[in-house]
Amino acid sequence: TGVQTCALPIYDVFSKTLRDNGVEVLYLRDLFCEALNAHPEVRAQFVDDYVLTAGVPGEGLRRAVREYLLVKDTASLFFEVSKGVMHKDLETLAEKPIQLIVNDPYPFVTDPVPNAYFTRDIGICVGNGMIISSMSKPSRMRETLLLRYIHKYHPRFAAQNVPLWYDGSAGYKIEGGDVLVLSDKTLAIGCGERTSVSAVECVANVLLREGYERILLFNNPKSRKFMHLDVLFTMVDYDKFLVHPFIANKECDIYELTLQYGSLHTSYVTESLEGMLKRALHLSAVQLIPVGGGDPIATAREHWNMGSNS
């Protein structure tokens, strides 16, 4: 399509720029294919998990989707999962379930995953381990399935025995856009529309026993406008932060989670944002860079364009 024709060269230039500066660029597609190629015995289990996660209705239709996907090579399987399985894809199957016979104007059996390029949302590297997100929106739950298989079966993860700090099995929602690694001792996590306090509790109970000293919990409104912490507050250098006025003026409550006598302790932060960051990061000064340059109109416009999400 025209979108693909325009977008791919831009991403290629971006990837080359990263590589030219010593960054290893990894693609979700390549990692997934390498993981399944290293363990072909789990292919059928992945297809079953995908059909379940995608919410394919009816045993006949589930059987049809499985039949369609199981014969694909690994690269084609990733492509089908990404683009979504369509009604027309299943037309050549010998036995058609009722869902393919009764007219349905909606073309997809399983929806595409257009948000997959926001890879930071589905998994967070913290220290020497990972948090695999538990996505709040059904449209994004299939993305974390890909990451679970990569973590479990890809040689670079399996060989290093990379710890999994949280995988969503507790049922509490957490997304990577709400998790900011400020240092090797301090995390900031936003709670709002996409991340729950209970998920933060689970993460804190693990990480505070693995060398982290504190987690700063930003209690944001539960609305689309405040979707993730990183649209309001992002670290761009060890002492520099892009901030929306909502965060800069501390219009949300902030709590500090620490471990005291083996138990999780939660305290309300009364300091200014600047004072809290200096203390938590052991810095003599920090620089808060206002989104939109401090202009109220530019700030609002930049906010809807995720201006503080760097």
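- The closest donor-acceptor contact from the side chain of K250 to the backbone of V269 lies under 3.5 Å.
- Within the structure, salt bridge (Lys or Arg N to Asp or Glu O under 4.0 Å) contacts touching residues 42-65 (residues at least two apart or in different chains) are D48-R66, E59-R62, E59-R63, E59-R66.
- Taking a cutoff of 4.0 Å between a charged side-chain nitrogen and a carboxylate oxygen, R156 and E24 qualify as a salt bridge.
- Within the 4.5 Å cutoff, side-chain heavy atoms of F233 are placed close to those of L277.
- Taking both residues in full, the closest heavy atoms of T195 and I174 are given as OG1-CA, 3.5 Å, listed atom of the first, atom of the second, then distance.
- One N or O on the side chain of N21 and one on the backbone of T17 form a donor-acceptor pair closer than 3.5 Å.
- R214 places a side-chain N or O within donor-acceptor distance of the main-chain N or O of A280, the cut-off being under 3.5 Å.
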Please assess D73 against S76 for the test side-chain hydrogen bond (donor to acceptor under 3.5 Å, both in side chains), listing each intermediate value before the final yes or no.
CA-CA 5 Å; D73 61 50; S76 298; 3.0 Å; yes
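- A side-chain contact (heavy atoms from CB on, under 4.5 Å) with T144 is found for exactly one of I132, D167, T53, namely I132.
- Between I150 and R148 there is no side-chain heavy-atom pair separated by less than 4.5 Å.
- Residues E213 and T186 bring no donor and acceptor atom of their side chains to less than 3.5 Å of each other.
- Under the 3.5 Å distance criterion, the side-chain polar atoms of N219 are left unmatched by any main-chain donor or acceptor of I254.
- Atom CD1 of I101 has more than 12 heavy atoms from other residues, nucleotides or ligands within 6.0 Å.
- The NE2 atom of H154 sits 9.5 Å away from atom CG of N37, with the distance rounded to the nearest 0.5 Å.
- The shortest side-chain heavy-atom distance between S136 and R194 falls under the 4.5 Å cut-off.
- Under 3.5 Å, the side chains of Y166 and S134 contain no donor-acceptor pair of N or O atoms.
- Counting only heavy atoms from C-beta outward, the side chains of L36 and Y153 never approach each other to under 4.5 Å.
- Within 6.0 Å of CZ on F14 lie no more than 12 heavy atoms contributed by other residues, nucleotides or ligands.
- Between E256 and R279, at least one side-chain N (NZ, or NE/NH1/NH2) sits under 4.0 Å from a carboxylate O, which counts as a salt bridge.
- Panel note: side chain N249, backbone F246; no donor-acceptor pair is recorded below 3.5 Å.
- Aromatic ring orientation, H151 versus F157: tilted (interplanar angle from 30° to 60°).
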Check against side chain to side chain contact (heavy atoms under 4.5 Å, CB included), M86 and K83:
CA-CA 9 Å; M86 306 182 73; K83 78 167 182 63; 4.1 Å; yes
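- Between the K173 side chain and the S133 main chain, no donor and acceptor come within less than 3.5 Å of each other.
- Between V181 and C125, the shortest heavy-atom contact is CG2-O, 3.9 Å.
- For K16, the NZ atom is loosely surrounded, since the number of other residues' heavy atoms within 6.0 Å does not exceed 12.
- The closest donor-acceptor contact from the side chain of W165 to the backbone of V126 lies under 3.5 Å.
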One pair to check against side chain to side chain contact (heavy atoms under 4.5 Å, CB included): I124 and E175. What are the steps and the verdict?
CA-CA 9 Å; I124 313 105; E175 298 191 1; over 6 Å; no
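- Salt bridge present: R140 and D121 bring a charged side-chain N and a carboxylate O closer than 4.0 Å.
- Because its NZ or CZ atom is both nearer than 6.0 Å to the ring centre of Y68 and within 45° of the ring axis, K72 counts as a cation-pi partner of that residue.
- For the atom pair CZ of F241 and CE of M235, the computed distance is 4.0 Å after rounding to the nearest 0.5 Å.
- Separating the CD1 atom in I122 from the CG atom in L28 is a distance of 5.5 Å, to the nearest 0.5 Å.
- Both L146 and V42 are members of a single hydrophobic cluster when ILVMFWY side chains are connected at heavy-atom separations under 4.5 Å.
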Could you walk me through whether Y149 and F32 pass the ring pair (Phe, Tyr, Trp, His ring centres under 6.0 Å) test, one step at a time?
CA-CA 7 Å; Y149 272 78; F32 174 78; 7.3 Å; no
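- The closest side-chain donor-acceptor pair between D253 and Y268 falls under 3.5 angstrom.
- In the displayed structure, K240 atom NZ is contacted under 6.0 Å by more than 12 heavy atoms of other residues, nucleotides or ligands.
- Side-chain N or O atoms of H87 include one that pairs as donor or acceptor with a backbone N or O of Y106 at under 3.5 Å.
- Rounding to the nearest 0.5 Å places CZ of R120 at 9.0 Å from CG of D178.
- No donor-acceptor contact under 3.5 angstrom links the side chains of Y238 and S183, judged on distance only.
- In the displayed structure, E95 atom CD is contacted under 6.0 Å by at most 12 heavy atoms of other residues, nucleotides or ligands.
- Rounding to the nearest 0.5 Å gives a distance of 9.5 Å between CG of L229 and CD1 of I189.
- From T234, atom OG1 reaches atom CD1 of I247 across 10.0 Å, with rounding to the nearest 0.5 Å.
- No single ILVMFWY cluster, assembled from side-chain heavy atoms under 4.5 Å apart, contains both F118 and L31.
- Counting only distance, with no hydrogens or angles, the side chain of T110 and the backbone of V85 share a donor-acceptor pair below 3.5 Å.
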